[in-house]
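Just so you know, these numbers come straight off a predicted model, no measurement behind them.
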Amino acid sequence: MLGRGSSRRQATPHTQVRSGIRTHGSRVRARMRTVLACSVAALTAVIGTMSHQAVAGAAATGCRVDYTVTSQWPGGFTGAVTVTNLGDPVSGWKLAWSFTAGQTVTQAWNVTLTQNGAQVTAADAGYNAALATGGSTAFGFNGSWNNSANPLPLSFTLNGTPCAGSATSTPSPTPTPSPTPSPSASPSASRTPSPTPSPTPSPTPTPSPTPSPTPSPRGGDGSPADPRIAYAGRWDTGSSTGYVPNWTGAYFETAFTGTTVKIKQRDAVNMYVSIDGGDDVFYAGVRGTVNLTPTPLPSGTHTLRVSYRSGDTVFQGLVLDPGATTVDPHPPTKLIEFVGDSITAGYLDSKLALSAYGWVLGEKLHVRHTQIARAGYCLVAQEGCVGQSTQYFKLGSTGATDWDFSRYTADAVVINLGTNDIGHHVTGSAFQAAYTSFLSAVRAKHPRAALFAMETFKQRYVAETKAAVAARNASGDANVYYINTEGWLTPGVDYADGDGHPSDAGHIKIANRLAPVIAPKIGVSVP
């Protein structure tokens, strides 16, 4: 059962499709769409989308911005922004706009975002700095508003180039050939030609290229930095030649055209691969360019999900058929983080993280998910036990590199800690103080997330865990809940080792118990 305290009501994000670029959400239609021809006076809806576009010809500058308020609640809202480069390729970008009703940004992901008064500047996060001609990137943020009006921004600039209006630049006196597409673009992609011919013919008439006011959406090339590859969990993206997952339960997914797909691995690795939503296939000790489709697939668009288990877990890219591309996989917008020790990591079950309750629950609720867990970890760092009260905030399960929480935001954080602390002589008072501080620190990183503190299956530190939740509730945070797990598992039946680590069946039982508790707090239904 849950502890007392009601969740604040918030709108369910919607799905918006514009010019082939989709901002993700689920099941709720967009309430308003504001396109370029609309007047500002028509912006009367609270939740909506604005698109700004500027197309330039020979000057090779221009951009389009799709700005969407995907959800809103008293005092807060979530925004989603997609930036499309209509000019020459850029390496490093800054998008700027101004709020007009005192809105402030409180958190952002996939971008470095600063605000000075009404002026907001969103700079690339490094891994998404390159924008090819016609290429796009997306980021999101949480913000506050005055509960009276939340108007959409009136204009945007990309690296100083206005994205407001439908301005057309004057072509150069002498037409120049289109530049070679950037290496990250698809082979067939080319620079957007000028949509308006020169008003004064050049001395030697040259036919104007066919206008293309809105470029077709491009596929990706399968490289680690490909924006059509969606990463879940804590990935080290510091090297463009290979991305590395951290903790456990991290994965990536994409879609691709053609009939075959291969993955490039630096050295021997163990991994699970699912194609077109099928069962996860285990690849043991593979290296180099690994063919994931020894039997070619039917021609069309297919989905791919890869989760590494152990070994040299460095993802170096995909190899597709000639002319094939990756495609946006449209991952769910909701994400649940599971924090814990060996139980949450899936120790002793058949597929480790992939058969642990967090993964099972995430798949059941059709949300993204990740497990910030490792065997032997405690809440409190004492007597050699690594404490999640500090390590949770790091990129990896070891090391001191801080995790950049702007990379993603969780809708729910489920914490299962305390099983190991008792073996390291952590007192009840020390545990309670650490848990209370931990909940406060997690809240600071995930302002909108529902936080759940699970009772350990061995019923350790029960009173202290309840007291930590009560302290958060008393401080005004009603979106924190205690979960009573007594009777969920039967010793000798639902465990792989008697009464320590759940079996596959035990993890499924846990996921089935958690589903009706967590789903309504994040606005999803239980299948």
Side-chain angles (χ1 to χ4, degrees), residues 10 23 34 36 40-41 43 45-54 56 61-87 90-131 135-165 167 227 237 393 402-410 440-441 443-449:
Q10 59 188 54
T23 54
T34 307
L36 214 50
V40 176
L43 300 177
V46 170
I47 297 180
T49 299
M50 170 174 283
S51 177
H52 291 276
Q53 178 172 320
T61 58
C63 46
R64 184 176 72 243
V65 176
D66 293 323
Y67 175 107
T68 305
V69 176
T70 58
S71 63
Q72 186 166 282
W73 60 95
F77 70 100
T78 296
V81 181
T82 299
V83 185
T84 303
N85 177 29
L86 304 184
V90 299
S91 179
W93 52 267
K94 288 185 178 181
L95 184 76
W97 73 87
S98 292
F99 285 125
T100 60
Q103 301 100 319
T104 59
V105 174
T106 58
Q107 183 187 28
W109 49 96
N110 297 331
V111 73
T112 300
L113 199 147
T114 58
Q115 184 169 356
N116 184 9
Q119 179 75 19
V120 179
T121 302
D124 66 79
Y127 61 87
N128 58 357
L131 277 180
S136 63
T137 188
F139 63 89
F141 65 90
N142 291 327
S144 62
W145 65 300
N146 59 18
N147 291 327
S148 176
N150 189 12
L152 305 176
L154 302 178
S155 62
F156 297 85
T157 61
L158 181 66
N159 288 351
T161 298
C163 296
T237 59
F393 302 96
D402 290 335
W403 169 243
D404 179 2
F405 281 86
S406 69
R407 293 274 297 276
Y408 68 77
T409 185
S440 178
R443 167 60 71 223
K445 299 299 184 181
H446 297 291
R448 293 196 308 112

Candidate pair Thr78 and Arg448, rule side chain to side chain donor-acceptor pair (under 3.5 Å), full reasoning: CA-CA 10 Å; Thr78 296; Arg448 293 196 308 112; 3.2 Å; yes
Side chains of Cys63 and Phe156 in contact at under 4.5 Å (non-hydrogen atoms): no
Separation between CG of Leu154 and CZ of Phe99, rounded to the nearest 0.5 Å: 11.5 Å
Exercise: identify the closest heavy-atom pair between Gln107 and Pro447: OE1-CD, 3.1 Å
From CH2 (Trp97) to OG1 (Thr157), nearest 0.5 Å: 10.5 Å
Close side-chain approach of Trp93 to Asn128, heavy-atom, < 4.5 Å: yes
Asn159 (side chain) donor-acceptor with Gly92 (main chain) under 3.5 angstrom: yes
Smallest separation among heavy atoms of Ala410 and His446, with atom names: N-ND1, 3.2 Å
Contact check, side chains of Trp403 and Lys445, non-hydrogen atoms, under 4.5 Å: no
Heavy-atom closest pair, residues Ser98 and Gln119: OG-OE1, 2.9 Å
Heavy-atom donor-acceptor pair, Gln103 side chain to Ala101 backbone, under 3.5 Å: yes
Distance-minimising heavy-atom pair for Asn110 and Ala138: CB-O, 3.7 Å
Minimum heavy-atom distance Thr237-Arg407, with the two atoms named: CG2-NH2, 3.3 Å
Heavy atoms of other groups near Asn116 CG, more than 12 under 6.0 Å: no
Sidechain-backbone polar pair: Thr106 side chain, Asn142 backbone, donor-acceptor under 3.5 Å: yes
From Asp124 atom CG to Leu95 atom CG, the distance as rounded to the nearest 0.5 Å: 11.5 Å
Validation row: Val111, Phe141 side chains within 4.5 angstrom (heavy atoms): no
From CG (Asp404) to OG1 (Thr112), nearest 0.5 Å: 6.5 Å
N/O donor-acceptor pair under 3.5 Å between Trp145 side chain and Gly76 backbone: yes
Distance in Å, Ser136 OG paired with Leu131 CG, rounded so as to fall on 0.5 Å steps: 7.5 Å
Contact summary for Asn147 and Gly75, nearest pair of heavy atoms: OD1-N, 2.6 Å
Pro227 and Thr137, any side-chain heavy atoms less than 4.5 Å apart: no
Verdict with reasoning, Ser144 to Thr104, per side chain to side chain donor-acceptor pair (under 3.5 Å): CA-CA 5 Å; Ser144 62; Thr104 59; 2.4 Å; yes
